[in-house]
There are 2 protein chains.
Amino acid sequence: MNNYLQTHRYLLQYSIKPSVQRTAVMDYLLKNRTHPTIDEIYSALSPSMPTLSKTTVYNTLNLFLEKGAVQQLVIDEKNARYDIDMSLHAHFICKQCGKVHDIFNLKPELFEKPENTGFSIQNVEISYSGICNSCKGN
Amino acid sequence: MNNYLQTHRYLLQYSIKPSVQRTAVMDYLLKNRTHPTIDEIYSALSPSMPTLSKTTVYNTLNLFLEKGAVQQLVIDEKNARYDIDMSLHAHFICKQCGKVHDIFNLKPELFEKPENTGFSIQNVEISYSGICNSCKGN
DNA sequence: TTTTATCTTTGTACTCGTTATAAAATTAAT
DNA sequence: ATTAATTTTATAACGAGTACAAAGATAAAA
């Protein structure tokens, strides 16, 4: 029922020293693949960790980023969003509700770094946008 | 020497009523293909238009967006950036200096909307990042 | 031309995401 | 047990963007 130890080990793989807070945040990310914002993470954990500070959530995610344990999505104009899934996939953001969804099974060519651009590309981000089905009903 | 009238006509094509401020902003965008931020536009125009307000620049670009005369790039975590080039192209952002560059001549397939994703995709944005050559020297 | 109505611009105040900072708390080292 | 180093926390500060209402400009009506 409690996979505190699993998450603990997961953090160590990225050479992140596991504190209670870091473990809780990583545990949340592993279980909630919704590309949450800082605020969503904080609001979700806060009830069961009343002393948790939002600054800690910021610090923690910046650390995870540095260590390569998560990626930051730059797709939402309002907030930064975080994704533990480091595999090749794209995202769809609904312009109405703001929810971000994964898009898997795209051709791997899409994620190739183009040649002869004059830039040494480190990272590729493919973002789609539109209105999601549940918002269309409204 | 002055293409005020050209820009004037350009705005009308997008059914934007051309005021002095709107014309100045559009003129700047047409001549500076650097994906400028609001602040960059304001700072550039402010000396020759001392009464210009930053709010007007915000209003103007939101109007241009609505009318489809520009696209907003969500690639820079810090600021929104604007691009009058509506053709199919991608962007590269330097993680160090933050400058955004165009990447043209990519395969058109990259910009196709994938099928059977469960979302009706309206827009495709391809963003590359890394360190640009002039920053590498430092 | 005047008057009136509509639209646009402007400045200020405000919101909100994020970072800076320094004190308190926890963990590790001696 | 003491001391040093790391982490967390709360508060303040910053900065991008928006809300709002007054002032200014443009268009329409008289």
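Predicted model, so just to flag it, every value in this text is computed and none were measured. Throughout, protein chains are lettered first and strands after them, A, B, ... in sequence-line order, and every chain is numbered starting at 1.
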What is the distance from [atom1] of [X] to [atom2] of [N], rounded to the nearest Å?
X     : N      : atom1 : atom2 : value
A/E77 : C/dC16 : CD    : C1'   : 15 Å
A/M49 : C/dA25 : CE    : P     : 16 Å
B/D39 : D/dA16 : CG    : C1'   : 9 Å
B/I16 : C/dT8  : CD1   : C1'   : 14 Å
B/N79 : C/dG17 : CG    : C1'   : 13 Å
A/K78 : C/dT18 : NZ    : P     : 12 Å
B/L45 : C/dT10 : CG    : C1'   : 16 Å
B/L61 : D/dT18 : CG    : C1'   : 15 Å

Would you say a side-chain N or O of [X] is under 4.0 Å from OP1 or OP2 of [N]?
X     : N      : answer
B/T56 : C/dT10 : yes
B/N62 : D/dT18 : yes
B/Q21 : D/dA25 : no
B/S19 : D/dA25 : no

How would you label the contact of [X] with the nucleic acid (heavy atoms, under 4.0 Å): base, sugar-phosphate, or nothing?
X     : answer
B/K54 : nothing
A/T51 : sugar-phosphate
B/N59 : base

Run through A/L63, A/T60, A/V20, A/L11 and flag the one making a side-chain contact (heavy atoms from CB on, under 4.5 Å) with A/V25.
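Exactly one candidate clears the test, A/T60.
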
Using heavy atoms to find the nearest nucleotide of DNA chain C for B/K17 and B/P50 separately, return the residue whose nucleotide is more 5′.
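Looking at the nearest nucleotide for each, B/K17 comes out on the 5' side.
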
Just checking, is any N or O donor in the side chain of A/K78 or A/T37 under 3.5 Å from an acceptor N or O on the other one?
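Side-chain D/A pair, A/K78 to A/T37: absent.
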
Check every atom of [options] against the side chain of [X] and return the nucleotide holding the closest atom.
X     : options               : value
A/S53 : C/dT8, D/dA10, C/dT10 : D/dA10
B/T55 : C/dT19, D/dC20, D/dT9 : D/dC20
A/L52 : D/dG17, C/dT8, D/dT9  : D/dT9
A/Y58 : C/dG17, D/dG17, C/dT9 : C/dG17

Return yes if some donor-acceptor pair links the side-chain N/O of B/R22 with the main-chain N/O of B/K17 below 3.5 Å, else return no.
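Here the side-chain-to-backbone pair exists.
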
Please check if the side chain of A/D83 supplies one atom and the backbone of A/D85 the other of a donor-acceptor pair under 3.5 Å.
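Side chain of A/D83 to backbone of A/D85: a pair is present.
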
Are there over 12 heavy-atom neighbours, none belonging to A/K99, within less than 6.0 Å of that residue's NZ?
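Not more than 12 within 6.0 Å, no.
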
